[in-house]
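The chains referred to below are lettered A, B, ... by the order of the sequence lines, with proteins before strands, and numbering in each begins at 1. Keep in mind the model is a prediction, meaning the values are calculated, not measured.
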Number of protein chains: 2
Amino acid sequence: MQRTLSDISYSAEEIDLAAMAKALSHPVRIRILRLLAGETCCFTGELTELIPMAQSTISQHLKALKEAGLIQGEIDPPKVKYCIDREQWAKARALFAEFLKLDGRAGCC
Amino acid sequence: MQRTLSDISYSAEEIDLAAMAKALSHPVRIRILRLLAGETCCFTGELTELIPMAQSTISQHLKALKEAGLIQGEIDPPKVKYCIDREQWAKARALFAEFLKLDGRAGCC
DNA sequence: TTAGTTCATCGTAAATATACGATCAATCAA
DNA sequence: TTGATTGATCGTATATTTACGATGAACTAA
């Protein structure tokens with residue numbers, strides 16, 4: 001009778017925040033987001049040139065970011081153009097800001 | 001000749017941000033931080049009462065949070081009092097805020 | 001000393017994440 | 001049609017994460 005995550009009921013906010021954080025939890029994904037948010041590029045091909053990792057690995061990380069909703073992919077044959085999803089990005093900013101406002105002001109320590 | 005993370009040089013900011021995000025990437029750790037930041041409690045024992053998980057598992061998550069620097073533990077025999085580490089907490093807030101300011105204003109999409 | 005309390009650590013099983021090369025599907029150009 | 005390019009997906013090996021129960025260490029109280 002193994003106890004699993006499903007036995008604990010998390011709020012939507014806890015789940016969303018954890019999912020966003022998970023998407024940001026690998027340095028190469030931070031790097032990718034930075035590049036996508038920067039002025040320079042939006043194409044996958046450019047990412048594979050800038051990041052010394054196998055193309056399949058980068059594609060895998062892009063998938064993770066897409067599933068977290070942080071980026072969008074737009075097909076522009078034969079390439080794919082990726083961009084920050086501004087709406088979700090704003091939501092992430094709000095979630096993290098709200099959460100990190102808590103600073104233990106109760107002061108029990 | 002497997003290529004690994006060590007072949008890519010990440011900035012300190014990328015590494016720090018990813019590490020913070022990793023610490024926040026599990027809903028139960030979000031829950032724990034919320035409880036510690038709240039007015040109600042700081043003791044491990046209270047956490048094990050409030051969270052339906054094995055004591056060893058909670059201890060493991062506390063360790064992860066401590067290693068990320070987000071919390072501090074203070075021995076108060078026979079208990080241990082955990083608190084938010086305000087300094088690191090502020091650093092996290094700054095890092096996330098700075099990073100999430102990027103919103104793709106380049107507008108290539 | 002003995003027993004109880006509190007929490008960390010160990011050992012372990014199962015799930016997930018991360019990396020790679022190989023291959024497939026879609027599109028464009030010759 | 002054929003070949004080239006682009007990027008997703010598959011298969012797979014390894015590492016890490018996550019959960020548990022059992023045990024150990026530190027301290028208090030009887």
Side-chain angles (χ1 to χ4, degrees), chain A residues 1-8 10 14-15 18-32 35-36 41-68 71-83 109, chain B residues 1-8 10 14-15 18-32 35-36 41-68 71-83 109:
Chain A
M1 199 137 46
Q2 177 102 338
R3 184 149 51 190
T4 65
L5 279 179
S6 58
D7 293 313
I8 304 181
Y10 297 105
E14 285 166 337
I15 290 170
M20 299 271 195
K22 193 170 202 171
L24 300 179
S25 72
H26 192 296
V28 85
R29 289 198 290 268
I30 300 286
R31 170 75 57 94
I32 288 171
L35 289 168
L36 289 181
C41 86
C42 270
F43 294 102
T44 309
E46 299 177 82
L47 293 176
T48 61
E49 279 170 23
L50 292 170
I51 301 172
M53 275 185 163
Q55 177 265 326
S56 58
T57 305
I58 291 177
S59 189
Q60 216 170 351
H61 283 297
L62 286 169
K63 188 181 177 187
L65 289 170
K66 198 157 61 172
E67 280 172 0
I71 64 174
Q72 295 174 306
E74 184 185 317
I75 295 172
D76 180 10
K79 300 185 175 183
V80 176
K81 193 156 68 170
Y82 277 106
C83 343
C109 300
Chain B
M1 199 136 47
Q2 177 102 337
R3 184 149 50 190
T4 65
L5 280 179
S6 57
D7 293 312
I8 304 183
Y10 296 105
E14 285 167 336
I15 289 170
M20 299 271 194
K22 193 170 200 169
L24 300 178
S25 73
H26 193 296
V28 85
R29 288 198 290 269
I30 299 286
R31 171 75 55 95
I32 288 171
L35 289 168
L36 289 181
C41 86
C42 271
F43 293 102
T44 308
E46 299 176 83
L47 292 176
T48 62
E49 279 169 23
L50 292 169
I51 300 172
M53 276 184 164
Q55 177 265 326
S56 57
T57 305
I58 291 176
S59 188
Q60 216 170 350
H61 284 296
L62 286 169
K63 188 181 177 190
L65 289 171
K66 197 157 60 173
E67 280 173 358
I71 64 174
Q72 296 174 305
E74 184 183 318
I75 295 171
D76 180 10
K79 301 186 176 184
V80 176
K81 194 156 69 169
Y82 278 106
C83 345
C109 299

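- With sequence neighbours excluded, the residues forming a side-chain contact (heavy atoms from CB on, under 4.5 Å) with A/Q55 are A/T48, A/S59, listed by chain and number.
- Between B/H26 and A/Y10, the ring planes are perpendicular. Angles over 60° get that label, and only those under 30° would be called parallel.
- The distance from atom CG of A/D76 to atom C1' of D/dT5 is 14 Å, rounded to the nearest whole Å.
- Going from atom CD of A/E67 over to atom P of C/dT18 covers 12 Å, rounded to whole Å.
- Each of A/K22 and A/K63 was assigned the nucleotide of DNA chain D with the nearest heavy atom; the assignment lying further toward the 5' end belongs to A/K63.
- Both B/L62 and A/S25 lie near DNA chain C, and the one whose nearest nucleotide falls closer to the 5' end is B/L62.
- B/L35 is listed as a side-chain neighbour of B/I51, based on a closest heavy-atom distance under 4.5 Å.
- Side-chain to base pairing of B/Q60 with C/dA8: no donor and acceptor N or O lie closer than 3.5 Å to each other.
- The nearest pair of heavy atoms linking B/R29 to B/A23 is NE-O, 2.8 Å.
- Contact check, B/H61 against D/dT17: no side-chain N or O comes under 4.0 Å of OP1 or OP2.
- A straight line from NZ of B/K79 to C1' of D/dA29 spans 15 Å, rounded to a whole angstrom.
- Following rounding to the nearest Å, A/I75 (CD1) and C/dC28 (C1') show an atom-to-atom distance of 15 Å.
- B/I71 has its side chain out of reach of B/I32: every pair of non-hydrogen atoms, C-beta onward, lies at least 4.5 Å apart.
- Side-chain to base pairing of A/S56 with C/dG21: one donor and one acceptor N or O lie within less than 3.5 Å of each other.
- Residue A/L65 contributes atom CG, which lies 14 Å from atom C1' of C/dT18 at whole-angstrom precision.
- For the pair B/Q55 CD and D/dT18 P, the interatomic distance rounds to 18 Å; values are reported in whole Å.
- Of the side-chain N and O atoms in B/T57, one or more sit less than 4.0 angstrom from OP1 or OP2 of D/dC20.
- Contact annotation: B/Y82 side-chain N/O to C/dT6 OP1/OP2 distance is not under 4.0 Å.
- Distance CE (B/M53) to P (C/dA8): 16 Å, rounded to an integer number of Å.
- Taking atom NE2 of A/H26 as the reference point, atom P of D/dT17 lies 11 Å away to the nearest angstrom.
- Here the nucleotide nearest the side chain of B/A54, chosen from C/dT18, C/dT9, D/dC20, is D/dC20.
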